[in-house]
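Only a predicted model underlies this, so the values are computations on that prediction, with no experimental measurement involved.
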Amino acid sequence: MERDEREQVCYTREVALEKAIEMETKSFELYKKAYLQAKNRLARDLLRDLAYDELKHKHTLENAFFEETVTLHDSAFKEGPSMNLSLLLQAKPLQQDASDQDVMIYAIHEEKRAVDFYRNMALQCEGAPMAQVFNRLFQDEENHLSRLEELYESMYMREM
């Protein structure tokens with residue numbers, strides 16, 4: 001079997017849940033690290049809120065191991081589509097002496113990875129029961145990305 005063919009296969013329910021839990025854990029750690037480095041109050045507040053969202057997702061996914069259905073609640077925030085700032089802003093590791101702008105760029109790129117992860121999982125599982133869960137997580141992560149981009153734009157792109 002070629003590599004491309006393997007990537008198009010939907011995982012079992014348990015493996016899919018494990019992969020999603022790993023993504024949520026990584027996202028929480030990212031936001032926690034970025035929160036600790038950010039100095040701007042608005043950035044810190046958003047990063048904290050996104051970290052809480054990731055914990056809620058993780059908790060819901062962990063509970064799903066013991067339940068037949070996975071229920072994700074609608075996000076309170078509804079934002080527009082991504083501005084694709086990840087295409088304009090250079091990705092780089094988060095350094096200890098990072099500026100608030102560096103922290104925001106880092107968070108945008110990491111959130112874009114989560115968006116792509118859930119989009120791909122939803123496509124790979126199309127028609128399977130887990131597809132709905134991955135579509136919902138994709139929407140939530142896309143919302144996170146939009147919120148990050150809007151804050152970045154308001155803080156650093158006003159003059160453009």
>> For a quick test of reading the model, state the closest non-hydrogen atom pair linking Val103 to Ala98 and the distance between them.
In response: CG2-CB, 4.2 Å
> Has the side chain of Thr25 got a donor or acceptor atom that lies under 3.5 Å from a matching backbone atom of Ile21?
Replying inline: yes
> Is a salt bridge present between Arg147 and Glu150, judged by a nitrogen-to-oxygen distance below 4.0 Å?
Replying inline: no
> If you round to the nearest 0.5 Å, how far is CE of Met155 from CG of Asn40?
Replying inline: 3.5 Å
>> Side-chain heavy atoms nearer than 4.5 Å, only ILVMFWY residues, links allowed to pass through others: does that put Leu17 and Val15 together?
In response: yes
> After noting the C-alpha distance and the side-chain angles of Gln37 and Asp102, does the key distance pass the side-chain contact (heavy atoms from CB on, under 4.5 Å) rule?
Replying inline: CA-CA 10 Å; Gln37 286 194 243; Asp102 293 335; over 6 Å; no
> Taking the side chain as C-beta and beyond, is there a heavy-atom pair between Lys112 and Ile108 under 4.5 Å?
Replying inline: no
> Once you round to the nearest 0.5 Å, how far does NZ of Lys58 lie from CG of Asp53?
Replying inline: 15.0 Å
>> Hydrophobic cluster membership, with links at side-chain heavy-atom distances under 4.5 Å among I/L/V/M/F/W/Y: are Tyr106 and Leu36 in one?
In response: yes
> Is any side-chain N of the basic residue among Lys26 and Glu22 closer than 4.0 Å to the acidic one's carboxylate O?
Replying inline: no
> Do Arg41 and Arg44 have side-chain heavy atoms sitting under 4.5 Å apart?
Replying inline: no
> What heavy-atom pair brings Phe134 and Cys125 nearest, and what distance separates the two atoms?
Replying inline: CE1-SG, 4.1 Å
>> Ignoring hydrogens, what is the shortest heavy-atom contact between Ala107 and Leu148? Give both atom names and the distance.
In response: O-CD1, 3.7 Å
>> Let's go through Met23 and Met121 carefully: what are the C-alpha distance in whole Å and the side-chain angles of both, what is the deciding distance for side-chain contact (heavy atoms from CB on, under 4.5 Å) to 0.1 Å, and is it a yes or a no?
In response: CA-CA 12 Å; Met23 177 58 72; Met121 291 294 279; over 6 Å; no
> What's the shortest heavy-atom distance between Ala38 and Leu47, and which atoms?
Replying inline: CB-CD1, 4.0 Å
> Does any N or O in the side chain of Asn143 come within less than 3.5 Å of the main-chain N or O of Gln139, such that one atom is a donor and the other an acceptor?
Replying inline: no
> Do side-chain atoms of Tyr152 reach the backbone of Met157 as a donor and acceptor pair under 3.5 angstrom?
Replying inline: no
> Quick check: does any side chain N or O of Asp100 sit under 3.5 Å from a backbone N or O of Lys39, one acting as donor and the other as acceptor?
Replying inline: yes
> Run the side-chain hydrogen bond (donor to acceptor under 3.5 Å, both in side chains) check on Asn63 and His59 step by step: do they pass?
Replying inline: CA-CA 6 Å; Asn63 283 338; His59 181 73; 3.1 Å; yes
> Just by distance, do the side chain of Tyr118 and the backbone of Glu141 share a donor-acceptor pair under 3.5 Å?
Replying inline: no
>> For a side-chain contact (heavy atoms from CB on, under 4.5 Å) check, start with the C-alpha distance between Met104 and Tyr156, then their side-chain angles and the critical distance, and finish with the verdict.
In response: CA-CA 10 Å; Met104 292 296 295; Tyr156 302 108; 4.3 Å; yes
>> side-chain contact (heavy atoms from CB on, under 4.5 Å) for Val133 and Leu61? Distances and angles first, verdict last.
In response: CA-CA 9 Å; Val133 173; Leu61 291 164; 4.2 Å; yes
> Would a 4.5 Å heavy-atom cut-off, applied to side chains only, mark Leu30 and Lys33 as touching?
Replying inline: no
> What distance separates Phe117 CZ from Leu137 CG, expressed to the nearest 0.5 Å?
Replying inline: 9.0 Å
>> Can you give me the closest heavy-atom contact between Ala122 and Asn135, atom names plus distance?
In response: CB-OD1, 3.3 Å
> Should the pair Glu110-Arg113 be classified as a salt bridge under the 4.0 Å nitrogen-to-oxygen rule?
Replying inline: yes
